Amino acid sequence: AKELGRNNFQYFSADMNQDATERLGTLNALRQALANDEFVLHYQPKINLLTGAVVGAEALVRWRSPARGMVTPNDFIPLAEESGLIIDIGAWVLRTACAQAMAWRQEGHGGRDALMVSVNLSPSQLMRDDIVDVVAGVLAATGLPPRLLELEITETVVMRDIEKSLDKLARLKMLGIRISIDDFGTGHSSLNYLKRLPVDILKIDRSFVNDIATDEDDAAIVKAIISLARILNLDVVAEGVETEAQRRFLMENGCDVGQGYHFSRPLPAAAFASAWLALPGE
Ligand code: C2E
Ligand code: CA
Ligand code: CA
Ligand code: CA
């Protein structure tokens, strides 16, 4: 659009108006979406790269909008975040994911090593004063053992307000849950802070995983993150595993757990359960 020339200013401006109107429409629809029960969670398995066993599931929200169809989170989470709606949506996600994990546990899925569930926490959720109470309340209400809940927090958010994050994460960890740093490698963590952060897991961003089998630099970065995790005594998870070559590289270099289309796309709860949680003999 930039190459169109100066006479196109009017078109450009008209487009921007349309965008603003559309945004407002989307925002209004998003406001109704919770009450109308239009959100749904899909679950993507986390896989032990050595054994192929499923060890957990990441809950990923989708918006089933009557007017827009299935909307992916990248198309509404930013707006939800800006408008504050993410607080209620995030609480719904947390409640729904924990209730689902508890239901699977009670059905006996996952055998003795019960399935962990991971929930993404948005920046404004983490920064709210009541976040620890919200999480504690959901654990109490659903009965899910805290050790089966993992919260994923992006690296940029943690680094933006490090002192506040340190305090929040410490209090969340006291609940007995696990915390992972999502999109690790994209947010310039200072090693000094990383050492002090009360987290359990580094989740390698898929932009690095993408080319590990072909790009020496990305391969080196991923190896470095894996050894960093080992030094800091953290677990490491790779996201965006799409090929067998990537799986093998990660496994051979000491990454225990991976997630990605190579194993499965995120699936609706029922499909996830039948694909990944069928009991032996079922
Ligand atoms: P994320 O937390 O980094 O989640 C991983 C994203 O990568 C998901 O996209 C997933 O479907 C996708 N993915 C998984 N495996 C592969 C793969 O092998 N290749 C590729 N190319 N992509 C893969 P999704 O579901 O569209 O979610 C996008 C982002 O939206 C998430 O990124 C997360 O930041 C955000 N999000 C999703 N659900 C929630 C939520 O409940 N709350 C909040 N605050 N954010 C959420
Ligand atoms: Ca995530
Ligand atoms: Ca991620
Ligand atoms: Ca990512």
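Just so you know, these numbers use all the heavy atoms, side chains as well, and skip hydrogens, waters and symmetry mates. Small disclaimer: the values here were computed from a predicted structure and weren't measured. Atoms within each ligand, like the ligands themselves, are counted from 1 in listed order.
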Peer 1: So is Gln125 polar-close to ligand 1, meaning N/O to N/O under 3.5 Å?
Peer 2: no

Peer 1: For atom 6 (C) of ligand 1, tell me which residue out of His42, Arg206, Lys203 has the closest non-hydrogen atom.
Peer 2: Arg206

Peer 1: With nothing but distance in play, are any N or O atoms of Tyr261 less than 3.5 Å from an N or O of ligand 1?
Peer 2: yes

Peer 1: Could you check whether Asn74 and Thr72, counting side-chain N and O atoms only, form a donor-acceptor pair closer than 3.5 Å?
Peer 2: no

Peer 1: Do Gln100 and Trp104 touch side chain to side chain, with heavy atoms closer than 4.5 Å?
Peer 2: yes

Peer 1: For ligand 1 and Val61, I'd like to know whether there is a polar contact (N/O to N/O, distance under 3.5 Å).
Peer 2: yes

Peer 1: Answer yes or no as to whether an N/O/S atom of Glu58 is found below 3.0 Å from the Ca ion (ligand 2).
Peer 2: yes

Peer 1: What are the atoms of ligand 1, with element, lying closer than 4.0 Å to any heavy atom of Glu58?
Peer 2: 2 (O), 4 (O)

Peer 1: Is it true that the NZ or CZ of Arg196 lies under 6.0 Å from the centre of Tyr193's six-membered ring and within 45 degrees of the ring axis?
Peer 2: no

Peer 1: Heavy-atom contacts under 4.0 Å between Pro266 and ligand 1: side chain, backbone, both, or neither?
Peer 2: side chain

Peer 1: Do any N/O/S atoms of Ser180 come under 3.0 Å of the Ca ion (ligand 2)?
Peer 2: no

Peer 1: Can you name the atoms of ligand 1, numbered from 1 with element, that are less than 4.0 Å from a heavy atom of Asp183?
Peer 2: 3 (O)

Peer 1: Which of the numbered atoms in ligand 1 are under 4.0 angstrom from any heavy atom belonging to Pro73?
Peer 2: 24 (P), 25 (O), 26 (O), 27 (O), 28 (C), 30 (O), 36 (N), 37 (C)

Peer 1: So for ligand 1, is Thr72 a polar contact partner (N or O within less than 3.5 Å, distance only)?
Peer 2: no

Peer 1: Counting heavy atoms not belonging to Asn233, are there more than 12 under 6.0 Å from its CG?
Peer 2: no

Peer 1: Quick one: which residue pairs count as a ring-ring contact (aromatic ring centres under 6.0 Å, His included) with a foot in residues 66-92, not counting sequence neighbours?
Peer 2: Phe39-Phe76, Trp63-Phe76

Peer 1: To which of Glu242, His262, Arg62 does the heavy atom nearest atom 19 (N) of ligand 1 belong?
Peer 2: Glu242

Peer 1: Linking Ile, Leu, Val, Met, Phe, Trp and Tyr through side-chain heavy atoms less than 4.5 Å apart, which residues share a cluster with Met70?
Peer 2: Val40

Peer 1: Which bit of Val93 gets closer than 4.0 Å to ligand 1, counting heavy atoms only: side chain, backbone, both or neither?
Peer 2: side chain

Peer 1: Please list, in number order, the atoms of ligand 1 under 4.0 Å from a heavy atom of Asp182.
Peer 2: 2 (O)

Peer 1: Indicate, with yes or no, if the rings of Tyr43 and Trp276 have centres closer together than 6.0 Å.
Peer 2: no

Peer 1: Just let me know how Glu239 lines up against ligand 1, side chain, backbone, both or neither, with a heavy-atom cut-off below 4.0 Å.
Peer 2: side chain

Peer 1: If you draw a 6.0 Å radius around CZ in Arg265, do more than 12 non-hydrogen atoms from other residues or ligands fall strictly inside?
Peer 2: no

Peer 1: Once you restrict to heavy atoms under 4.0 Å, what part of Val241 touches ligand 1? Side chain, backbone, both or neither.
Peer 2: backbone

Peer 1: Show, in sequence, the C-alpha distance, side-chain angles and deciding distance for Arg68 and Asp75, and conclude whether the salt bridge (charged side-chain N to carboxylate O under 4.0 Å, His left out) test is met.
Peer 2: CA-CA 11 Å; Arg68 294 164 179 77; Asp75 290 335; over 6 Å; no

Peer 1: When Gln259 is tested against each of Glu58, Glu239, Arg206 for side chain to side chain donor-acceptor pair (under 3.5 Å), which residue passes?
Peer 2: Glu58

Peer 1: Counting backbone and side-chain atoms alike, is an N, O or S atom of Glu152 positioned under 3.0 Å from the Ca ion (ligand 2)?
Peer 2: yes

Peer 1: Establish, from distance only, whether the side-chain atoms of Glu81 and Ser124 form a donor-acceptor pair under 3.5 Å.
Peer 2: yes

Peer 1: Test your reading of the structure: does Asn120 have an N or O sitting under 3.5 Å from an N or O of ligand 1?
Peer 2: yes

